[in-house]
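Accompanying notes for the structure given below.
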Amino acid sequence: MSEKPDLNAISHDLRAVRLEKLAQLRAAGEDPFRAEWDQTHVAADCPSLLPEGVEEGPEVSVAGRIVALRVMGKASFVKVLDRSGVQQCYFTRDALGDRYDAHFKKLLDLGDFVGVRGRLFRTKTGEVTVRVTEYRLLAKALRPLPEKWAGLADQDQVYRQRYLDLVVNEESRRRLMARSRIIESIRRFLWSRGFLEVETPALHSVAGGAAARPFQTHFNALDCDFNLRIALELHLKRCLVGGLDRVFEIGRVFRNEGYSPRHSPEFTMLEAYQAYSDYRGMMELVRSLIQTAAREALGTTSIARHDGTVIELGGEWREAKYKDLILERTGDPQWFSRTKEEKIAACRVLGLEEPRADWEDYEVTNEVFGKLIEPTLIQPTFVTHVPKELCPLAKITRGDATTIDVFELCINGQEIAPAYSEQNDPGVQREMFQIQAGAEQHKVDEDFLLALEHGMPPAGGLGVGIDRLAVLLTGAANIRDVILFPTLRPSANP
RNA sequence: GGCCGGAUAGCUCAAUGGUAGAGCAGUUGACUUUUAAUCAAUUGGUUCGGGGUUCGAGUCCCCGUCCGGCCA
């Protein structure tokens, strides 16, 4: 091994250079992917181990990916990224001898995983640093990291190679970790209220519980078609029938519809059902749940938006009746006595796109709500007394046959969480299903109606779009920014 | 599905229709407390693909692919 390897000749090929280094490591008898390393601490532990005024701290052993490499002759500073953050380490020829020049300087690269051991000290600028006395390469990276300062900007690559985004874009790492902490907090909150977490099927023969086009698939063994679920609702209610009177599920649902910054074809829903409660009970539940998640995951209930406004999640939340919002926005006290044609004409005046001819009357009104009112509901607002046509699974309001006992919780200009006083009259439920199904009566979930006939306790039910909640709490611009691996068109050239 | 914008070195980005460049990363060297380290030298290009206009196309035109935004 006397001939000098010519890295210069291949220096334009970043991968070839690293493969050559890999070969040199192996030629020297080292396994570049050796596993063992006793990690005793993470980066976030280190500052507290070296209190102010103390010269030298205890020995620590950390591990992670090299994300910065500053070589200055016989001493070098290296930043190592682990799950908790970045730890600076100080490598010197004095401490490491010949290995410093022959191994550390020649064969390690940005992106490599290393284990590092040494005592903590403070640099002259005050940064707590590991004075390395021992280190080991744990995994060689054969490809370079994206640029260290600008990070990774190409949106497609951010989503397709999220691991690179996580390594170099701190903001992405922080945001996606916040999502996990939000979900963790929600689970703890519901457990503390006596809810049982359950898992229900994702393959449904009838995709019910919401109005959405499902993804379809086929089960070979039974030779029958299934749909991926579009909601969790109907199985969780079967749990209520069975006496599990506080249940929740956090699960993936699939809707074969639009794809936009606010819509992902697969997204995560929380649904919770509490027997002997109703939609008013769900108001308190969801408000406490979101406030708790915000405090635990973010440490605050004040969310700054990009336009400078602040969403205040603390305290009580506004309530507004759907009809009042419509009357206020259209400026027409007689709105609900107008014919469909008059409403469509009014939509034109309000600057809305032409409603489609096959729309029902209530759909025209709901277009006003969806396009002109919901986007303006930035501060938390419970929209109540919603027209019954919009949800066939809720109880009719006593004293007003046109509305249902529900709320739509809107924050940040979008619906975050609907909740109902759940319909438990099997006769009324069947009628509502049949109206909704129209010509497609095979879409009525008879199995669910059978369960209802066995008796379901009165209950409040709540759904929370977890992705949208994460968008709200983290200030993300796009739902895909809070989903680790968003659905994408398959890559053309792998 | 419609309209608009984009695709150039590993990454982030430049380039009146006239020799494709910079920073970072890489390579070589100097440097024992750096903080986007610094300094010197240096490698690296099917300008997304195909066609057209032109003496000449990264740039203009057409078709396609992919991505993003707005709308449906």
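Letters go in sequence order (proteins before strands), and every chain restarts at 1.
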Using atom [atom1] of [X] as one end and atom [atom2] of [N] as the other, report the distance to the nearest whole Å.
X        : N     : atom1 : atom2 : value
A:Leu145 : B:A25 : CG    : C1'   : 9 Å
A:Phe104 : B:U32 : CZ    : P     : 14 Å
A:Asp156 : B:C48 : CG    : P     : 15 Å
A:Gln155 : B:C11 : CD    : P     : 15 Å

Taking the side chain as every heavy atom from C-beta outward, state whether A:Val167 and A:Asp165 have any atom pair closer than 4.5 Å.
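Of all side-chain heavy-atom pairs linking A:Asp165 with A:Val167, none is under 4.5 Å.
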Would you say A:Arg468 and A:Glu415 make side-chain contact, with heavy atoms under 4.5 Å?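 Yes, at least one pair of side-chain atoms sits under 4.5 Å.
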query: Going by modelled atom types, is there a donor-acceptor pair between the base of B:U32 and the side chain of A:Thr92 at under 3.5 Å?
result: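 Between B:U32 and A:Thr92, which were checked side chain against base, a qualifying N/O pair under 3.5 Å is absent.
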Considering only heavy atoms and no angle criterion, is a donor-acceptor pair shorter than 3.5 Å present between the side chain of A:Gln88 and the base of B:U34?
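Side chain to base: pair found, below 3.5 Å.
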Would you say the side-chain atoms of [X] and [Y] include a donor-acceptor pair closer than 3.5 Å?
X        : Y        : answer
A:Glu312 : A:Thr301 : yes
A:Gln379 : A:Arg318 : no
A:Tyr159 : A:Asp481 : yes

| For residues 39-84 of chain A, which residue pairs qualify under ring pair (Phe, Tyr, Trp, His ring centres under 6.0 Å), counting only residues two or more places apart or in two chains? |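 The answer is A:Phe77-A:Tyr90.
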When the [atom1] atoms of [N] and [M] are considered, how many whole Å apart are they?
N     : M     : atom1 : value
B:U42 : B:G21 : P     : 14 Å
B:G50 : B:C3  : P     : 26 Å
B:U47 : B:G10 : P     : 12 Å
B:U32 : B:A41 : C1'   : 24 Å
B:G52 : B:G17 : C1'   : 15 Å
B:G44 : B:A57 : C1'   : 24 Å
B:A14 : B:G23 : C1'   : 11 Å
B:A22 : B:U54 : P     : 34 Å

Open item on the list: Set out, in order, the CA-CA distance, both residues' side-chain angles and the distance that settles side-chain contact (heavy atoms from CB on, under 4.5 Å) for A:Lys343 and A:Trp335, then state yes or no.
Closed with: CA-CA 7 Å; A:Lys343 286 173 180 157; A:Trp335 176 269; 3.7 Å; yes
Inter- and intrachain pairs under salt bridge (charged side-chain N to carboxylate O under 4.0 Å, His left out), touching residues 253-266 of chain A, at least two apart:
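Salt bridge (charged side-chain N to carboxylate O under 4.0 Å, His left out) check on residues 253-266 of chain A returns A:Arg252-A:Glu266.
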Reading RNA chain B from 5' onward, which residue's closest nucleotide shows up sooner: A:Asn478 or A:Lys79?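 Result: A:Lys79.
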Between A:Pro261 and A:Pro146, which has a closest nucleotide on RNA chain B that is more 5'?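 On the 5' side of the pair lies A:Pro146.
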So, is [X] close to the [N] phosphate, meaning a side-chain N or O under 4.0 Å from OP1 or OP2?
X        : N     : answer
A:Lys148 : B:G10 : no
A:Lys106 : B:U28 : no
A:Arg480 : B:G68 : yes
A:Arg160 : B:C67 : yes
A:Lys371 : B:A72 : yes
A:Arg489 : B:C67 : yes

Nearest-neighbour nucleotide for the [X] side chain, [options] considered:
X        : options             : answer
A:Arg131 : B:U33, B:G68, B:A36 : B:U33
A:Val17  : B:U27, B:U34, B:A25 : B:U27
A:Leu14  : B:U12, B:U34, B:G26 : B:G26
A:Asp94  : B:C13, B:U32, B:U27 : B:U32
A:Pro144 : B:G10, B:C67, B:U32 : B:G10
A:Thr123 : B:G10, B:U33, B:U12 : B:U33

Using nucleotides 3-9 of chain B, report all nitrogen or oxygen pairs with the protein that are shorter than 3.5 Å.
none

Output side-chain donor-acceptor pairs under 3.5 Å for residues 102-109 of chain A, partner residues at least two apart or in another chain, one line each.
residue  : atom : partner  : partner atom : Å
A:His103 : ND1  : A:Tyr135 : OH           : 2.6
A:His103 : NE2  : A:Glu30  : OE1          : 2.7
A:His103 : NE2  : A:Glu30  : OE2          : 3.4
A:Asp109 : OD1  : A:Lys21  : NZ           : 2.6
A:Asp109 : OD2  : A:Lys21  : NZ           : 3.2
A:Asp109 : OD2  : A:Lys140 : NZ           : 2.8

For RNA chain B, the expected dot-bracket line (Watson-Crick or G-U under 3.5 Å, [ ] crossing, | inter-strand) is (((((((..((((....[..)))).(((((.......))))).....(((((..]....)))))))))))).
**Prompt:** Quick one: does NZ or CZ of A:Arg162 land under 6.0 Å from the six-membered ring centre of A:Phe485, within 45 degrees of the ring axis?
**Reply:**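 Output no; distance or angle outside limits.
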**Asked** Just checking, A:Arg480 and A:Tyr259: is the charged tip under 6.0 Å from the six-membered ring centre and within 45° of the axis?
**Response**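 Yes, A:Arg480 and A:Tyr259 form such a contact.
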Query raised in the report: Looking at A:Glu59 and A:Arg119, does any basic side-chain N land under 4.0 Å from a carboxylate oxygen?
Result: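 Salt bridge between A:Glu59 and A:Arg119, a charged N being under 4.0 Å from a carboxylate O: no.
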query = Between A:Arg65 and A:Asp112, is there a side-chain N and carboxylate O pair less than 4.0 Å apart?
reply =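 Salt bridge absent between A:Arg65 and A:Asp112.
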So which protein nitrogen or oxygen atoms get under 3.5 Å of nucleotides 40-44 of chain B's nitrogens or oxygens?
none

- Query: Would the A:Tyr100 and A:Phe91 ring centres measure less than 6.0 Å apart?
  - Reply: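 Ring centres of A:Phe91 and A:Tyr100 not closer than 6.0 Å.
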